There are 2 protein chains.
Amino acid sequence: MVNKELTLDTEEKILQAATKVFERDGYAGARMQVIADEAGMNKALLHYYFRSKEKLFSKIFLEKYNKFFSTLSILADQEMDFFEKIDKVIDSYMEMLIQNPEMPSMLINTITHHPELIQKLNTEGAQKMRSVLQFESEKGNIIAVESLQILTSVVGLCIMPFLAKPIAMHVFKLDMDFYQQVLLNRGPFVKKAVRAILKP
Amino acid sequence: MVNKELTLDTEEKILQAATKVFERDGYAGARMQVIADEAGMNKALLHYYFRSKEKLFSKIFLEKYNKFFSTLSILADQEMDFFEKIDKVIDSYMEMLIQNPEMPSMLINTITHHPELIQKLNTEGAQKMRSVLQFESEKGNIIAVESLQILTSVVGLCIMPFLAKPIAMHVFKLDMDFYQQVLLNRGPFVKKAVRAILKP
DNA sequence: GTCTATAGATAGATAGAC
DNA sequence: GTCTATCTATCTATAGAC
């Protein structure tokens with residue numbers, strides 16, 4: 001197996017470079033010229049392959065986020081204890097976040113600048129999870145509350161330290177290593193927190 | 001007292017119009033021409049009063065967010081029961097969020113596009129709150145865990161339904177009235193949730 | 001202070017050679 | 001498919017009249 005870098009075809013090179021630049025600079029801050037430089041080719045080629053900046057971003061965005069939502073769908077369908085299932089959701093969130101810490105802020109930025117893309121996200125996985133919560137709530141296994149309150153709590157608990165990283169590091173004068181440790185400890189903390197919240 | 005609109009001087013008119021447009025469109029999406037139209041005057045006047053788009057945004061951003069941080073500072077200093085203090089923080093968050101639901105996403109967008117502005121935020125209030133948490137944790141009144149885990153949890157629980165609003169409404173096919181009710185019920189839910197999390 | 005007109009710069013997109 | 005050169009649109013910012 002040769003070095004993957006060398007075997008990438010042009011389209012893949014563009015997608016990889018664009019992903020990097022969009023993650024770092026956001027949609028508005030990203031420049032087609034910078035993506036071209038990063039991919040080691042000319043600007044015109046980006047348009048040859050993807051027509052426009054908008055279409056290039058759309059492709060990357062939907063692939064990234066729909067992949068995560070489909071993970072959610074698979075988990076919802078599996079036969080297992082409810083709390084085990086919640087733990088697996090949290091694990092899957094944390095794994096994704098450690099690998100892609102910019103995903104939450106990229107999603108928020110996209111809501112502001114490309115609300116139409118939100119309409120194209122797969123909704124199945126999240127819907128299934130909501131049903132699971134409603135079922136457990138009706139059985140009395142967890143607190144009786146609108147399931148949206150629980151869903152937003154789990155998501156908020158998972159992603160907040162990633163969203164807040166730049167502010168928290170400035171406000172509390174923290175270094176990268178310390179903050180990274182906080183992030184790595186987040187999963188176990190959230191699991192305990194969610195159990196405490198859900199107790200009827 | 002006459003209608004406030006009529007008595008505003010030019011500078012205030014600009015600030016009000018700009019606030020509205022920046023909130024709705026974000027910094028990158030905002031247009032000086034649109035702000036001028038909204039304020040009922042010419043584009044050149046905006047530059048006459050504020051020099052540049054950047055300076056205009058900076059002024060509005062810092063005023064808005066530092067005001068909230070100073071509220072936090074005042075609360076931290078007050079003599080009262082710890083859990084009462086936490087409840088007041090949550091009340092103050094929820095009140096601000098109901099009035100300004102776009103504040104969290106505006107802050108996230110600013111982190112991406114103007115990281116230098118983050119450096120100018122008042123840090124005192126949040127630092128005091130962290131000390132309060134560390135003190136209670138050492139006394140054994142609440143769980144023993146890095147105080148950042150708790151701070152990010154409280155903030156995350158409060159703001160998540162506001163950040164997630166467009167996505168949640170799409171994914172679960174909800175109408176505005178229903179979602180507004182979820183937001184109004186958030187405060188009491190978060191108070192209970194935080195108590196559950198903090199129990200040693 | 002407030003306006004009209006315009007300069008100046010940037011960046012996405014395309015034409016056309018190879 | 002890939003490149004260079006260029007068009008075109010957009011938007012911030014300023015010059016200058018009133």
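Below, read A as the first sequence line, B as the second, and so on, with proteins coming before strands; counting in each chain starts at 1. All values reported here derive from a predicted model rather than from experimental measurement.
When rounded to the nearest whole Å, the span between CD of B/Q33 and C1' of C/dT6 equals 14 Å. The interatomic distance linking A/K13 (NZ) with D/dT2 (C1') rounds to 11 Å, in whole Å. One can place CG of A/L46 at 13 Å from C1' of D/dC3, the figure rounded to the nearest angstrom. The CE-P distance, from A/M32 to D/dT6, rounds to 21 Å in whole Å. Taking atom NZ of A/K55 as the reference point, atom P of C/dG12 lies 15 Å away to the nearest angstrom. Atoms NZ (B/K53) and C1' (D/dT14) sit 17 Å apart, rounded to a whole Å. Distance, A/N42 CG to C/dA15 P: 16 Å, rounded to whole Å. Atom NE2 in B/H47 sits about 15 Å away from atom C1' in C/dT4, given to the nearest Å.
Counting non-hydrogen atoms under 4.0 angstrom, B/A28 reaches nothing in the nucleic acid. Residue A/Y49 is in sugar-phosphate contact alone, with no base atom involved, counting any heavy-atom pair closer than 4.0 Å across all strands shown. Using a 4.0 Å heavy-atom cutoff across all strands shown, A/A36 reaches no nucleic acid atom at all.
Between A/F61 and A/H114, the distance separating the two ring centers is not shorter than 6.0 angstrom.
Aromatic ring pairs are classed by plane angle as parallel below 30°, tilted from 30° to 60° and perpendicular above 60°; the pair B/F22 and B/Y27 is parallel.
In this structure, of D/dC3, C/dT2, C/dG12, it is C/dT2 that holds the atom nearest to the side chain of B/T10. Comparing D/dT2, C/dG1, D/dT12 by their closest approach to the side chain of B/K43 singles out D/dT12. Side-chain atoms of A/A44 lie closest to C/dT14 of the nucleotides C/dT14, D/dT12, C/dA13. The side chain of A/Y48 lies closest to D/dG1, out of D/dG1, C/dC3, D/dC11.
Although no hydrogens or angles enter the test, the distance criterion places a donor-acceptor pair under 3.5 Å between the side chain of B/N42 and the main chain of B/A44.
Residue A/R31 has no polar side-chain atom (N or O) positioned under 4.0 Å from OP1 or OP2 of C/dT10.
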